[in-house]
Amino acid sequence: MWVLVFFDLPTETKKERKIYADFRKKILQDGFAMFQFSIYLRHCSSMQNAEVHIKRVKKILPEKGHIGIMTITDKQFGMMEVFYGKKLAEPQNSPQQLELF
């Protein structure tokens, strides 16, 4: 399961830039990685784990701006095609899930 966070926050004033930087810093601390400038993603082992991280993002939402949160399965993520210019990029591997007994 993958959680994607899309955001477009205002950055016109110094205060708005600080809010943007704080939001970005907090989602990075929660394990999200930058996919594109305003798109961050995180792999989760289950829907229950994804819900935990979604709740954390919702707790830190800024007052202004547009934020979207989406979950997709590993299979859906694997079907994505990513290009650098016209060159097809290597797909990002899903982290291995460990089983503990």
Side-chain angles (χ1 to χ4, degrees):
M1 181 72 49
W2 290 85
V3 178
L4 288 84
V5 176
F6 310 89
F7 60 92
D8 185 17
L9 303 178
T11 57
E12 294 176 6
T13 67
K14 187 174 182 177
K15 182 179 178 182
E16 289 173 340
R17 286 189 294 275
K18 172 134 177 54
I19 291 168
Y20 169 91
D22 288 344
F23 179 73
R24 182 181 177 278
K25 180 181 169 185
K26 288 176 183 174
I27 61 174
L28 287 170
Q29 288 173 343
D30 192 34
F32 284 84
M34 187 173 74
F35 183 71
Q36 289 185 349
F37 283 119
S38 292
I39 302 173
Y40 287 72
L41 52 85
R42 184 187 202 290
H43 185 264
C44 296
S45 57
S46 66
M47 189 59 195
Q48 292 78 17
N49 183 247
E51 289 170 358
V52 168
H53 295 286
I54 290 168
K55 285 180 185 177
R56 288 182 186 166
V57 172
K58 287 180 178 180
K59 282 183 180 180
I60 61 169
L61 292 176
E63 290 292 320
K64 296 180 182 177
H66 296 102
I67 297 98
I69 303 170
M70 179 171 68
T71 57
I72 60 174
T73 65
D74 288 336
K75 183 174 182 177
Q76 291 168 326
F77 186 82
M79 292 174 15
M80 180 174 26
E81 292 183 303
V82 179
F83 295 85
Y84 292 112
K86 291 187 177 187
K87 184 178 179 184
L88 184 62
E90 291 294 318
Q92 183 176 355
N93 293 331
S94 298
Q96 292 293 322
Q97 184 172 348
L98 301 175
E99 283 189 39
L100 301 174
F101 296 96

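When each of Glu16, Arg17, His66 is tested with Pro10 by the rule side chain to side chain contact (heavy atoms under 4.5 Å, CB included), just one qualifies, namely Glu16.
Side-chain atoms of Arg42 never come within 3.5 Å of backbone atoms of His53 as a donor-acceptor pair (strictly under, hydrogens ignored).
Using a 4.5 Å cut-off on side-chain heavy atoms (C-beta onward), Leu4 and Phe35 make no contact.
Going from atom CD1 of Ile39 over to atom CE of Met34 covers 10.5 Å, rounded to the nearest 0.5 Å. Here the straight-line distance linking atom CE of Met1 with atom CG of Asn49 works out to 10.0 Å at 0.5 Å rounding. Atom CD1 of residue Ile19 and atom CG of residue Leu9 lie 8.5 Å apart, to the nearest 0.5 angstrom. In this structure, NZ in Lys59 is found 11.0 Å from CG in Asp30, a value given to the nearest 0.5 Å. Here Tyr20 contributes atom OH and Ser38 contributes atom OG; the two are 4.5 Å apart, rounded to the nearest 0.5 Å. Between the CD1 atom of Ile27 and the CZ atom of Phe7 there is a distance of 4.5 Å, given to the nearest 0.5 Å.
Val3 and Phe37 end up in the same hydrophobic cluster when Ile, Leu, Val, Met, Phe, Trp and Tyr side chains are linked at under 4.5 Å. The hydrophobic clustering, which links ILVMFWY residues whose side-chain heavy atoms are closer than 4.5 Å, places Val5 and Ile72 apart. Hydrophobic clustering (ILVMFWY, side-chain heavy atoms < 4.5 Å, transitive): Leu28 and Ile54 are in one cluster. In the hydrophobic cluster analysis, where Ile, Leu, Val, Met, Phe, Trp and Tyr join through side-chain heavy atoms closer than 4.5 angstrom, Phe23 is grouped together with Ile69. Ile67 and Leu41 fall into different hydrophobic clusters, defined by Ile, Leu, Val, Met, Phe, Trp and Tyr side-chain heavy atoms under 4.5 Å apart, directly or through other members.
Classification of the Trp2-His43 ring pair by plane angle, with boundaries at 30° and 60°, yields perpendicular.
By the 6.0 Å contact criterion, CZ on Phe83 is enclosed, its count of non-hydrogen atoms from other residues, nucleotides or ligands being greater than 12. Residue Gln29 places its CD atom among more than 12 non-hydrogen atoms of other residues, nucleotides or ligands, all under 6.0 Å distant.
Using a 4.0 Å cut-off between charged nitrogen and carboxylate oxygen, Lys18 and Asp22 count as a salt-bridge pair.
Taking every heavy atom of both residues into account, Ala50 and Cys44 meet most closely at CA-SG, 3.6 Å.
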